[in-house]
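Reckoned from all heavy atoms, side chains included, excluding hydrogens, waters and symmetry mates.
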Amino acid sequence: MQIECLTEFPHNHMDRRPRKRPRLAWDVPQAPKAQPGIVCGQDLGNVASYALARASDHTSSLFLKEVARNGSPPWREDDKDGHYVFALGDNLTSRYKIHSKMGEGTFGQVLECWDRERKEMVAIKIVRGIKKYREAAMIEIDVLQLLAKNDKTGSRCVQIRNWFDYRNHICIVFEKLGPSLYDFLRKNNYRSFPIDLVRELGRQLLECVAFMHDLRLIHTDLKPENILLVSPEYVKIPDYKVSSRSPKDGSYFKRLPKSSAIKVIDFGSTTYEHQDHSYIVSTRHYRAPEVILGLGWSYPCDIWSVGCILVELCSGEALFQTHENLEHLAMMERVLGPLPQHMLKRVDRHAEKYVRRGKLDWPEGATSRESIKAVLKLARLQNLVMQHVDHSAGDLIDLLQGLLRYDPSVRMTAREALRHPFFMRDFHRRA
């Protein structure tokens, strides 16, 4: 067997929501007092002239070299959407040097930077300089600090290193991790993960969710983009399922992570259990039925997302690939059976149009023939899993049926899921 070890991948994403908190200045050590008009704060002024004038003063000369090396870039206006404008090699305060762009989202950008103080690469999330995104970032910082305080080993959630306010942008410094599970799937031509790897990834994900729920926190935006492998390293192994393809495109081989360790990221949408839960949450494909029907939501919405993620990891494709509510609900019924009457009777006024005579208004309410075809081509959950899983299929199907129960009041909890035979099999083998 040919095994090739590689490292690669930039990774993406992170996101949103509101509350105020006092601003902190950027985290630069106090510099010696500068002469007025020559070296002042972020504006270096005419450093060369100053250096010549003070050439005899060895200490000042050394300080100026350091300031010139670590000084701030020229002031630039944000772009039209409030994103920070930068150039590779720029300093982001005197401590961090911008190395590359890792990703971008509605919240802003993530940059790979060199941390001069810790002598390591970090990922810095630079939030758009717009009020609602700044406020959402402050909430995320609160959550990250709470998680870090309670996660002593730092093994579940991405670790916050630092944060500061720079040129009207909240900047959050994180440990640098590997690619997201979504990026890994995409780079792997959406080939599924082996079931034993799915088991290990699922166990870690549920441990993180259980940890958050114990702290009365609901993530609300779990998806493969927000789950990162700790290491970017992977191996290439032969893929015997694609023998009909040309070897020129590398299809005879597929990638497997060298390490299964993962961490959850993006706590910008995280909410406390006691807060208002009437608004829409979750990225579309991972959104629970109670959210779509306007029935309110709580911890179980995270569990539904985990179920969708596990199906995607073992099949390579998102379970519900849709962009409209009625089609999404129809897909659920196709895969999981009919929605409960008691849930359909309680829909809010925005979701009333999806229900007719106590049943889902499908296919009569479909927007197009293509929409009906998209629903009809879906397989039942059991068949879908058995197409991709060679062993442990029965245990996985039973677990998924617990995670994807329509009624959130009877949906499995994270702790219950971790005690399921699907994970016990792995536990006994390791023991």
Arg156: partners by side-chain contact (heavy atoms from CB on, under 4.5 Å), with sequence neighbours left out: Asp151, Cys208, Phe211
Restricting to ring pair (Phe, Tyr, Trp, His ring centres under 6.0 Å), what partner residues turn up for His342, sequence neighbours left out? none
Heavy-atom check, side chain of Val173 versus side chain of Ile160, under 4.5 Å: no
Nearest heavy atoms of Glu112 and Lys176, plus distance in Å: OE2-CE, 2.7 Å
Reference residue Ser282; test side chain to side chain contact (heavy atoms under 4.5 Å, CB included); the match among Arg287, Lys223, His219: Arg287
Determine, step by step, whether Phe253 and Ile237 satisfy the side-chain contact (heavy atoms from CB on, under 4.5 Å) criterion, reporting the C-alpha distance in whole Å, the side-chain angles of both residues, the deciding distance to 0.1 Å, and the verdict. CA-CA 5 Å; Phe253 296 90; Ile237 64 169; 5.8 Å; no
Sorted by chain and residue number, the side-chain hydrogen bond (donor to acceptor under 3.5 Å, both in side chains) partners of Asn150 (sequence neighbours excluded) come out as none
Check the pair Asp239 / Arg191 against salt bridge (charged side-chain N to carboxylate O under 4.0 Å, His left out), numbers first and verdict last. CA-CA 10 Å; Asp239 186 0; Arg191 291 190 182 95; 2.6 Å; yes
Could you go through Val335 and Phe320, starting from their C-alpha distance and side-chain angles, then the distance that decides it, and tell me whether this counts as side-chain contact (heavy atoms from CB on, under 4.5 Å)? CA-CA 9 Å; Val335 173; Phe320 302 118; 4.0 Å; yes
Ring pair (Phe, Tyr, Trp, His ring centres under 6.0 Å) partners of His83, counting only residues at least two apart: none
Who are the side-chain contact (heavy atoms from CB on, under 4.5 Å) partners of Arg380, not counting sequence neighbours? Gln382, Asn383
Flag for Tyr96-Tyr166: side-chain donor and acceptor within less than 3.5 Å: no
Under 6.0 Å between ring centres, would you say that holds for Phe422 and His420? no
Any chance you could lay out the salt bridge (charged side-chain N to carboxylate O under 4.0 Å, His left out) test for Glu290 and Arg411, step after step, and finish with the verdict? CA-CA 12 Å; Glu290 64 268 25; Arg411 199 172 296 155; 2.8 Å; yes
Quick one: list whatever passes ring pair (Phe, Tyr, Trp, His ring centres under 6.0 Å) with Tyr406, sequence neighbours left out. none
Is there a donor in the side chain of Arg199 and an acceptor in the side chain of Ser392, or the other way round, less than 3.5 Å apart? yes
How about Arg161 and Arg118: do any of their side-chain heavy atoms sit closer than 4.5 Å? yes
Are the side chains of Glu117 and Asn162 in contact, using a 4.5 Å heavy-atom criterion? no
Are side-chain heavy atoms of Leu228 and Val158 found at a separation under 4.5 Å? no
Verdict with reasoning, Tyr84 to Asp78, per side-chain hydrogen bond (donor to acceptor under 3.5 Å, both in side chains): CA-CA 5 Å; Tyr84 179 68; Asp78 291 346; over 6 Å; no
Grab the two heavy atoms, one from Leu295 and one from Arg346, that are nearest each other, plus how far apart they are. CD2-O, 3.1 Å
Using the ring centroid of each side chain, check whether Trp114 and His99 are separated by less than 6.0 Å. no
Should Asp90 and Lys97 count as an ion pair when the cut-off is N to O under 4.0 Å? no
Would you say Leu256 and Asn188 make side-chain contact, with heavy atoms under 4.5 Å? no
Distance only, no hydrogens: is a donor on one side chain within 3.5 Å (strictly under) of an acceptor on the other, for Glu327 and Ser371? yes
Would you say the side-chain atoms of Tyr272 and Arg216 include a donor-acceptor pair closer than 3.5 Å? no
Side chains of Pro289 and Glu333: closer than 4.5 Å at any heavy-atom pair? no
Side-chain heavy-atom pair Glu416, Arg419 within 4.5 angstrom cut-off: yes
May I ask you to check whether Trp297 and Tyr279 place their ring centres under 6.0 Å from each other? yes
When you compare the side chain of Ser305 with that of Thr283, does any pair of heavy atoms fall below 4.5 Å? no
I need the single residue from Ile397, Leu381, Leu396 that forms a side chain to side chain contact (heavy atoms under 4.5 Å, CB included) with Met386. Which is it? Ile397
